[in-house]
**Student:** 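One structure, as structure tokens, below. Some questions next.
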Amino acid sequence: MPRPRKKRRREVTRVPRSDAALPEYDRGTVPEGLVTRRQLREMGLSPGDNEGPVAILRCRLCATRPQWSCRHPTRGYLLRVDLAKPKRTPTLAQESALDRAMAARQTCGQCQRRFYICLSKKLGCCLECFDGTPVDPSSLMTLPAPAVHRLAA
């Protein structure tokens, strides 16, 4: 019969809030001009010239312990909005390269039909080619009709 395992308590290194490397703010008390990466993304901005976080957004658990610095993985890092830059837009070459890569993942190797979802690498083809399961027509991409030249002769 196996012995029961002993529970080991993880050592918690507590740092007084006054000795923390970065200033810490509770939710709702963050000064104007500091936001998280997720909030920057929602604004259509990238971190830009931010060298790193300038403050920490404390987790909800640490809000009950104002004397200790927040060490939990749920804490957020705050960046300055004035140093953020607009997100870059991809070039046409980048977009076409991404489309070719997605087409390779979405195209059946046997029937050469393209789907809206990525196909299984394990099967190597769509379900209809693998075992005869009918495919929903709404899951197929319809290719645009080839351009017909209508030149006046």
Side-chain angles (χ1 to χ4, degrees), residues 10-130 133-151:
R10 188 173 44 160
E11 291 294 321
V12 178
T13 55
R14 291 190 173 171
V15 177
R17 195 167 176 183
S18 59
D19 295 341
L22 295 172
E24 296 184 359
Y25 298 101
D26 290 322
R27 297 174 192 272
T29 63
V30 178
E32 197 69 32
L34 296 181
V35 293
T36 62
R37 287 180 70 93
R38 186 172 289 183
Q39 290 169 330
L40 276 178
R41 185 176 62 228
E42 289 172 0
M43 289 189 252
L45 300 172
S46 67
D49 292 333
N50 279 298
E51 295 295 324
V54 294
I56 293 175
L57 179 64
R58 292 166 53 91
C59 67
R60 288 187 181 135
L61 180 65
C62 289
T64 61
R65 302 178 188 137
Q67 71 275 15
W68 297 112
S69 176
C70 182
R71 295 282 177 210
H72 293 97
T74 57
R75 66 181 176 222
Y77 293 103
L78 299 171
L79 303 168
R80 291 176 44 185
V81 177
D82 58 340
L83 296 178
K85 293 183 177 178
K87 283 186 177 181
R88 295 184 301 153
T89 56
T91 63
L92 288 176
Q94 289 172 332
E95 284 185 2
S96 68
L98 286 173
D99 185 54
R100 286 193 309 269
M102 287 305 294
R105 296 177 66 193
Q106 295 171 339
T107 305
C108 176
Q110 294 178 4
C111 64
Q112 299 300 316
R113 293 185 294 181
R114 187 170 175 183
F115 294 82
Y116 283 108
I117 59 167
C118 294
L119 299 176
S120 170
K121 284 196 255 181
K122 185 176 181 180
L123 299 179
C125 59
C126 64
L127 282 176
E128 190 169 339
C129 294
F130 181 71
T133 305
V135 175
D136 183 20
S138 64
S139 66
L140 291 170
M141 283 191 188
T142 56
L143 298 175
V148 178
H149 294 290
R150 297 187 179 140
L151 297 174

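Along the sequence shown, residues carry numbers from 1. We use all heavy atoms of the structure for the numbers below, so side chains are in, but hydrogens, waters and symmetry mates are not.
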**Student:** Are the side chains of Val30 and Leu78 in contact, using a 4.5 Å heavy-atom criterion?
**Tutor:**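 Yes - at least one pair of side-chain heavy atoms lies under 4.5 Å apart.
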**Student:** What distance do Ile117 atom CD1 and Gln106 atom CD have between them, rounded to the nearest 0.5 Å?
**Tutor:**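 Output value for this atom pair is 8.5 Å.
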**Student:** Which heavy atom in Arg27 sits nearest to a heavy atom in Cys59, and how many Å separate them?
**Tutor:**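 Closest heavy-atom pair between Arg27 and Cys59: NH2-CA, 4.2 Å.
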**Student:** Please examine the side chains of Leu79 and Arg37, heavy atoms only from C-beta on, and report whether any two atoms are closer than 4.5 Å.
**Tutor:**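 They are in side-chain contact.
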**Student:** Report the residues that fulfil side-chain contact (heavy atoms from CB on, under 4.5 Å) with Ser138, sequence neighbours left out, ordered by chain and then residue number.
**Tutor:**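 In terms of side-chain contact (heavy atoms from CB on, under 4.5 Å), with neighbours along the sequence ignored, Ser138 is linked to Asp136.
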**Student:** Distance from Leu119 atom CG to Thr107 atom OG1, nearest 0.5 Å?
**Tutor:**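 Here the rounded value is 7.5 Å.
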**Student:** Working to the nearest 0.5 angstrom, can you tell me the gap between Cys126 SG and Gln112 CD?
**Tutor:**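 Answer for the SG-CD pair, Cys126 versus Gln112, is 10.5 Å.
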**Student:** Compile the donor-acceptor pairs under 3.5 Å between side chains in residues 46-56 and protein atoms, sequence neighbours left out, one pair per line.
**Tutor:**
{"from": "Ser46", "atom 1": "OG", "to": "Lys85", "atom 2": "O", "distance (Å)": "3.3"}
{"from": "Asp49", "atom 1": "OD1", "to": "Lys85", "atom 2": "NZ", "distance (Å)": "3.4"}
{"from": "Asn50", "atom 1": "OD1", "to": "Arg80", "atom 2": "N", "distance (Å)": "3.3"}
{"from": "Asn50", "atom 1": "ND2", "to": "Pro47", "atom 2": "O", "distance (Å)": "2.9"}
{"from": "Asn50", "atom 1": "ND2", "to": "Arg80", "atom 2": "O", "distance (Å)": "3.1"}

**Student:** Are any side-chain N or O atoms of Thr29 and backbone N or O atoms of Tyr25, one a donor and one an acceptor, separated by less than 3.5 Å?
**Tutor:**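 Answer holds: no.
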**Student:** Mind checking what makes side-chain contact (heavy atoms from CB on, under 4.5 Å) contact with Thr133, not counting sequence neighbours?
**Tutor:**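 Per chain and number, Thr133 pairs via side-chain contact (heavy atoms from CB on, under 4.5 Å) with Leu127, Asp131.
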**Student:** Can you list everything that forms a side-chain contact (heavy atoms from CB on, under 4.5 Å) with Pro137? Sequence neighbours excluded, please.
**Tutor:**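 Partners of Pro137 under the side-chain contact (heavy atoms from CB on, under 4.5 Å) test: none.
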**Student:** Return the set of residues passing side-chain contact (heavy atoms from CB on, under 4.5 Å) with Val135 (not counting sequence neighbours), or none when no residue passes.
**Tutor:**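 Val135 satisfies side-chain contact (heavy atoms from CB on, under 4.5 Å) with Arg113, Phe115, Glu128, Ser139, Leu140 only.
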**Student:** Given Glu32 and Val81, is the side-chain contact (heavy atoms from CB on, under 4.5 Å) satisfied, shown in steps?
**Tutor:** CA-CA 9 Å; Glu32 197 69 32; Val81 177; over 6 Å; no
**Student:** Report, one line per pair, each donor and acceptor closer than 3.5 Å where one atom sits in a side chain of residues 91-99; sequence neighbours left out.
**Tutor:**
{"from": "Thr91", "atom 1": "OG1", "to": "Gln94", "atom 2": "N", "distance (Å)": "3.2"}
{"from": "Gln94", "atom 1": "OE1", "to": "Thr91", "atom 2": "N", "distance (Å)": "2.9"}
{"from": "Ser96", "atom 1": "OG", "to": "Leu92", "atom 2": "O", "distance (Å)": "3.3"}
{"from": "Ser96", "atom 1": "OG", "to": "Ala93", "atom 2": "O", "distance (Å)": "2.9"}
{"from": "Asp99", "atom 1": "OD1", "to": "Arg114", "atom 2": "NH2", "distance (Å)": "3.3"}

**Student:** If you define the side chain from C-beta out and look only at heavy atoms, does anything of Glu24 sit under 4.5 Å from Arg75?
**Tutor:**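 The answer is no, as the side chains (C-beta and beyond) never meet within the 4.5 Å cut-off.
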